[in-house]
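The structure appears right after this line, and notes come after that.
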Amino acid sequence: MIDPKLYRDDPEKVRAALKRRSTAFDLDALLRLDQEKRKIGSELETLNAERNAATEAIAKLKRSGGDASAEIEKTRSLGDRIKELQAAFNEAEEKLNALAMLCPNLPHPSVPDGKTPADNKVAKTWGKLPPESQVFPHHLEIGEKLKLFDFERGAKLSGRGFPIYTGLGARLERALINFFLDVHVQKFGFTEISPPYLVSRASMTGTGQLPKFEEDMYRCGDDDLFLVPTAEVPVTNMHRDETLDSASLPLSYCAYTACFRREAGSWGADTRGFLRLHQFDKVEMVKFTLPEVSYDALEELREQAEELLRMLELPYRVLELCAGDLGFGAAKCYDLEVWAPAEKKWLEVSSCSNFEDFQARRANIRTKAGGKTRLVHTLNGSGLATPRVLVSFLETHYTPRGTVRIPPALRPYLGGAEEIG
RNA sequence: GGAAGGGUGGCCGAGCGGUUUAAGGCGUCGGUCUCGAAAACCGAUUUACGGGAAACUGUAACGUGGGUUCAAAUCCCACCCCUUCCGCCA
């Protein structure tokens, strides 16, 4: 949710910022609803003050043993009017809130203009891409040869998009997860979290998945709980409705969870293999910072995600997302894309975003310093998602001998093996 | 899932229809005292929204939502959460 003061004080500035995004939002409707709520609110406030005064007068009379029945009679109708007005106010507030919840965050001024993914700016490329002419085996081919995963049986269990990892595939995937977590904890000082996989509607609303993206989420209807689409949701919401000690900031958490996404509407895109799944594994980094340092934290977060790819010796590039391609709640976002040499494609393996106070306002996460209470800034970034890392990893490190080379950093997680297969 | 008890300020805890934003205590901050500190004493100590240059002031908030009432932390209903006991269970 964006700060109501922003659109009250300078609606044109907000309008211009929203226009940079590719999704349309009816700001005028929001302004109307805001005015309506405030109008009813001030009326209600006046009536409440009136009633409080009348009630106090009655109390005084009664205490001194007087007869207050005339005053009580006079005040009786006031209660009904307040009740009506309160109902109108609640309705107006609900309407306003419902719309405000659908308003995306405003892009940071440093975010480049642009409408589509093609307009994203390549900020950096690391590693040497293999020559165009070199032929690489496809990860599905490697998987089949080494019996690393089983899509058909996965589909038998749950449908398309639910792969089974088998044997060395399962081991390699687990090695990646442990490697990611250990680097975050031991090298970068993150606090590891193992959160619930099912979260409440309130949690999903706090980080911005709801109400707008409900159709993308798996929901357990009997309990109104949602399967987490990313560890961002439980980890950020850990501090929902809390005031964090400013001395404790920044808080840096990392968490492994499976992630569940219905991917509604993306039928037909990347339906084969590992590129788009309903369930996948990811280690997520989440930071809570003071507002004035959140952009430094974003650079740090991106750098920490990049380090994992460098340690895995996988060529990657960093995209600075244009305003039109920004996620709903992000003020600024970097995508990390790893090179898949068989597909000759860049694959997104991480998204590092600064939400500024967008999530903190929804989730009511504040900090207090010098007697002043403010909203914190929240950030998160994948570090990293395994399926696509695995694709690049297998293709990049496949050897002519039919094995997969293991870079030194990952060897401790595979019993010291220099290669598998 | 069943039974009982309970959810009040940073924390403990009183209040159980009107003078209550809420006694008392702890903690924290400021002051007095002191060479300094402790102790003691004095004062301050929630948030959101609105008005005001400011002092200040209005409204709302005692788990959440409804209801009763001139008036609700206090009474009634529903839901959520916690504790204990029982049942079930990896």
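Each chain gets a letter, A, B and so on, in the order the sequences are listed, and its residues count up from 1. The figures here come from the full heavy-atom set of this structure, side chains too, leaving out hydrogens, waters and symmetry mates.
- Look at CG on A:L61: it is 13 Å from C1' on B:A71, rounded to the nearest Å.
- A sub-4.0 Å separation between OP1 or OP2 of B:C49 and a side-chain N or O of A:R38 is absent.
- Of the residues in residues 78-91 of chain A, A:K83, A:N90 come within less than 4.0 Å of RNA chain B through at least one heavy atom, sorted by number.
- Nucleic acid contact class of A:T55 (heavy atoms, under 4.0 Å, all strands): base.
- What separates CG of A:D241 from P of B:C81 is a distance of 15 Å, to the nearest Å.
- In the set B:G50, B:A48, B:C70, the nucleotide with an atom closest to the side chain of A:R8 is B:G50.
- OP1 or OP2 of B:A71 has at least one side-chain nitrogen or oxygen of A:R51 nearer than 4.0 Å.
- Taking the C1' atom of each, B:G63 and B:C82 are spaced 10 Å apart, rounded to whole Å.
- Side chain of A:H377 to backbone of A:L290: no donor-acceptor contact under 3.5 angstrom is found.
- OP1 and OP2 of B:C49 both lie 4.0 Å or more from every side-chain N or O belonging to A:K37.
- Between the side chain of A:H397 and the backbone N or O of A:L312 there is at least one donor-acceptor pair closer than 3.5 Å.
- Using atom C1' as the reference point in both B:A38 and B:C75, the two lie 50 Å apart (nearest Å).
- One interatomic measurement links the two molecules: CG of A:L44 to P of B:U59, which rounds to 11 Å at whole-angstrom precision.
- The main-chain N or O of A:E93 is never found under 3.5 Å from a side-chain atom of A:N97 such that the two would form a donor-acceptor pair.
- In secondary-structure terms, RNA chain B builds stems of at least 3 consecutive Watson-Crick or G-U pairs, each pair having both distances under 3.5 Å, at B:1-7 with B:80-86, B:10-12 with B:24-26, B:27-32 with B:40-45, B:46-51 with B:56-61, B:63-67 with B:75-79.
- Straight-line distance between the P atoms of B:C77 and B:U84: roughly 26 Å, to the nearest whole Å.
- Comparing A:T46 and A:K62 by the nucleotide of RNA chain B that holds the closest heavy atom to each, the one mapping nearer the 5' end is A:K62.
- Checking side-chain atoms of A:T367 against main-chain N and O of A:R374 turns up no donor-acceptor pair under 3.5 Å.
- The CG-P distance, from A:N48 to B:A60, rounds to 4 Å in whole Å.
- The CZ atom of A:F226 sits 4.5 Å away from the CD atom of A:E214 when rounded to the nearest 0.5 Å.
- Proximity of A:N52 to the phosphate of B:A60: a side-chain N or O atom is located under 4.0 Å from OP1 or OP2.
- Judged by distance alone, the side chains of A:E232 and A:T207 never bring a donor and an acceptor atom under 3.5 Å apart.
- Side-chain proximity of A:K368 to the nucleotides B:C49, B:G18, B:U46 is greatest for B:U46.
- Between B:G2 and B:G13, the distance separating the two P atoms is 28 Å to the nearest Å.
- Straight-line distance between the P atoms of B:G58 and B:G65: roughly 24 Å, to the nearest whole Å.
- Distance, A:D9 CG to B:C49 P: 12 Å, rounded to whole Å.
- In this model, no side-chain donor or acceptor of A:E45 finds a partner on the base of B:G50 within 3.5 Å.
- B:A37 and B:U28 are spaced 16 Å apart, taking the P atom of each and rounding to whole Å.
- Atom C1' of nucleotide B:A71 and atom CG of A:L47 are separated by 16 Å, given to the nearest angstrom.
- For A:R21 (side chain) and A:G327 (main-chain N/O), a donor-acceptor pair under 3.5 Å exists by modelled atom type.
- Positionally, the nearest nucleotide of RNA chain B for A:K60 lies more toward the 5' end than for the other of A:K60 and A:R374.
- Comparing B:G18, B:A48, B:A71 by their nearest atom to the side chain of A:A59 picks out B:G18.
- Judged purely by distance below 3.5 Å, without hydrogens or angles, the side chains of A:T386 and A:D281 never pair a donor atom with an acceptor atom.
- A:A49 comes within contact range of the sugar-phosphate backbone alone, with a heavy-atom separation under 4.0 Å but no base atom that close.
- For A:H139 and A:E343, the side-chain atoms include at least one donor-acceptor pair closer than 3.5 Å.
- In this structure, the side chains of A:F188 and A:E307 come closer than 4.5 Å at one or more pairs of heavy atoms.
- The interatomic distance linking A:I72 (CD1) with B:G18 (P) rounds to 14 Å, in whole Å.
- One C1' atom belongs to B:C12, the other to B:G50, and the distance between them is 35 Å to the nearest Å.
- Atom name P, nucleotides B:C76 and B:U68: the rounded distance is 15 Å, in whole Å.
- A:T373 contributes no side-chain N or O that, together with a main-chain N or O of A:K368, makes up a donor-acceptor pair within less than 3.5 Å.
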